[in-house]
Amino acid sequence: MEAFRLIRSALLLIAVLGLPSATLAAEEPPPASAKEEPPPEEAPEDPALDRFRTPFEVLNERMIGVASRPVRFDWRKKRLGIGLIGSQLLELNNFSSARFGGFVRRPLGGFMGELAITRVLTWGSASTDKLALTPYRQSGRPSRIELDLNVGYPLAEGVATARPGFLPATELVFSASAGLRYAYYPGALSGATFGQVAKALIAPSLSAKELENLERKLPPGMQIDEGRYNLLTGLGLDVYFQTGGFLSPRAMIALPITGSDLGLWWELTFSAGWMF
């Protein structure tokens with residue numbers, strides 16, 4: 001009997017030790033924090049927002065953003081610019097002409113408008129002195145005052161690092177330019193009546209009175225070009241510094257559509273100024 005009790009005790013101990021841990025864990029009640037919480041109730045949709053909703057397929061076909069453009073100097077946000085201008089005229093004759101003056105410019109949305117007034121000095125050469133000894137003459141324009149109205153449209157722009165390295169980074173703006181030019185010849189209307197002056201100032205060509213007065217002031221070998229207006233077009237580059245200063249080289253060509261006898265001629269311009 002004693003041996004039987006020992007065997008039964010040993011079998012009971014083996015049975016207790018052999019129970020799987022999962023069974024014991026299952027018998028323990030789960031902690032309160034482990035209980036699953038019911039999902040939150042969804043707020044009811046507002047039908048007033050339906051007209052503002054757009055399907056994803058439609059949004060996927062739209063432009064939903066614009067990449068930013070690096071800008072070193074934002075000339076579009078400036079009010080006014082002033083500066084000095086100088087030009088060399090390359091007309092199809094043996095006379096030389098140079099322009100010096102000042103200008104103001106102002107951003108006009110995506111355009112750049114410019115108003116300039118210049119003094120043009122014209123002089124002859126050894127060829128024109130020899131030409132004056134013959135019956136032949138070359139078309140040209142004597143010294144005068146010119147008023148320019150120009151507009152530029154940017155074709156490309158961006159930030160550039162200058163060399164040598166001590167120069168600051170700049171904003172480069174490459175633009176297409178067009179301009180209308182008006183020429184005034186001092187003393188050309190001497191002795192004219194008020195009506196003749198008013199008519200001549202807006203006429204596309206020089207009047208007989210102006211031609212008569214200017215005949216005595218022409219350089220040797222010149223036949224005056226009677227056109228009063230010029231239409232020019234070309235390309236220019238504006239180099240803006242962060243401080244507000246700028247440099248602007250530009251090349252323009254005059255279109256022969258204003259009654260001028262000079263045909264196509266070129267103008268090389270360099271200006272410098274400051275934007276405020």
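Because the structure is predicted, anything quoted here is derived from the model rather than measured.
- A distance of 7.0 Å separates CG in L235 from CG in L155, rounded to the nearest 0.5 Å.
- Between P142 and M222 the shortest side-chain heavy-atom distance falls below 4.5 Å.
- Looking at I145 and T118, their side chains never come closer than 4.5 Å, going by heavy atoms from C-beta outward.
- S96 places no side-chain N or O within 3.5 Å of a backbone atom of G124 that could act as its donor or acceptor partner.
- Using a 4.5 Å cut-off on side-chain heavy atoms (C-beta onward), V159 and E171 make contact.
- Contacts classified as salt bridge (charged side-chain N to carboxylate O under 4.0 Å, His left out) and involving residues 115-125 (residues at least two apart or in different chains) are not found.
- With respect to E210 and R228, a salt bridge is recorded, a charged nitrogen being found less than 4.0 Å from a carboxylate O.
- Atom OG of S205 is separated from atom OH of Y229 by 10.0 Å, given to the nearest 0.5 angstrom.
- V173 and F241 fall into different hydrophobic clusters, defined by Ile, Leu, Val, Met, Phe, Trp and Tyr side-chain heavy atoms under 4.5 Å apart, directly or through other members.
- Applying the side chain to side chain donor-acceptor pair (under 3.5 Å) definition to pairs two or more places apart or across chains, those involving residues 212-225 are D225-S260.
- Using a 4.5 Å heavy-atom cutoff, the side chains of L89 and V120 are in contact.
- The two residues W265 and L90 come nearest to each other via the heavy atoms CB-O, 3.4 Å.
- Residue S175 holds its OG atom at 12.0 Å from CG of N150, rounded to the nearest 0.5 Å.
- Every residue two or more places apart in sequence or in another chain that forms a side chain to side chain contact (heavy atoms under 4.5 Å, CB included) with L211 is listed here: L206, I224, E226.
- Ring orientation note: the planes of F246 and Y240 are tilted relative to one another, at an angle of 30° to 60°.
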Show me the donor-acceptor pairs, under 3.5 Å and distance only, between side chains in residues 268-276 and residues at least two apart or in other chains.
{"unit_1": "T269", "atom_1": "OG1", "unit_2": "S87", "atom_2": "OG", "d": "2.8"}
{"unit_1": "T269", "atom_1": "OG1", "unit_2": "E267", "atom_2": "OE2", "d": "3.1"}
{"unit_1": "S271", "atom_1": "OG", "unit_2": "S248", "atom_2": "O", "d": "3.3"}

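- Here D148 pairs with R99, R181 under the salt bridge (Lys or Arg N to Asp or Glu O under 4.0 Å) rule; sequence neighbours left out.
- No continuous path of ILVMFWY side-chain contacts below 4.5 Å connects L262 to L92, so the two sit in separate hydrophobic clusters.
- Residues I85 and G102 approach most closely at CG2-N, 4.0 Å, considering heavy atoms.
- Looking only at side-chain heavy atoms (C-beta outward), F73 and K78 come within less than 4.5 Å of each other.
- Each of L201, L149, N230 was checked for a side chain to side chain contact (heavy atoms under 4.5 Å, CB included) with Y182, and the lone residue meeting it is L201.
- For residues 197-228, the set of pairs meeting the ring-ring contact (aromatic ring centres under 6.0 Å, His included) definition, not counting sequence neighbours, is empty.
- F95 approaches P219 most closely through the heavy-atom pair CE2-CB, 4.0 Å.
- Of all the heavy atoms in G221 and L131, the pair that sits closest is O-CD2, 3.7 Å.
- Judged by distance alone, with hydrogens and angles left aside, the side-chain atoms of Q88 form a donor-acceptor pair with the main-chain N or O of S97 at under 3.5 Å.
- Of all non-hydrogen atoms in F111 and W75, the two that sit nearest each other are O-CZ3, 3.8 Å.
- Judged as a ring-ring contact (aromatic ring centres under 6.0 Å, His included), not a single pair has a partner in residues 190-219 (not counting sequence neighbours).
- Following chains of ILVMFWY side-chain contacts shorter than 4.5 Å, one can reach V104 starting from L147, so the two form part of one hydrophobic cluster.
- In this structure, NZ on K199 lies 9.0 Å from OG on S207, to the nearest 0.5 angstrom.
- Under the ring-ring contact (aromatic ring centres under 6.0 Å, His included) criterion, no residue pair touches residues 124-151, with sequence neighbours excluded.
- Partners of S139 under the side chain to side chain donor-acceptor pair (under 3.5 Å) rule, at least two apart in sequence or in another chain, do not exist in this structure.
- Not counting sequence neighbours, the partners of R105 by the salt bridge (Lys or Arg N to Asp or Glu O under 4.0 Å) test are E114, D238.
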Dump the intermediate steps for side-chain contact (heavy atoms from CB on, under 4.5 Å) on L232 and I253, then the final yes or no. CA-CA 5 Å; L232 298 95; I253 186 172; over 6 Å; no
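- Pairing each heavy atom of A160 with each of L172, the nearest pair is CB-CD1, 3.5 Å.
- Summarising the hydrophobic clusters (Ile, Leu, Val, Met, Phe, Trp, Tyr; side-chain heavy atoms under 4.5 Å, direct or chained), the residues clustered with L84 are none.
- Linking Ile, Leu, Val, Met, Phe, Trp and Tyr whenever their side-chain heavy atoms come within less than 4.5 Å leaves L80 and L115 in two separate clusters.
- Side-chain atoms of T122 and S143 include no donor-acceptor pair closer than 3.5 Å.
- Listed by first then second residue, pairs satisfying salt bridge (charged side-chain N to carboxylate O under 4.0 Å, His left out) with a partner in residues 130-143 read E91-R141, R141-E146, not counting sequence neighbours.
- Atom OH of Y184 has more than 12 heavy atoms from other residues, nucleotides or ligands within 6.0 Å.
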Using salt bridge (Lys or Arg N to Asp or Glu O under 4.0 Å), reason through E157 and R72 one step at a time and then give a plain yes or no. CA-CA 10 Å; E157 58 182 299; R72 186 67 177 177; over 6 Å; no
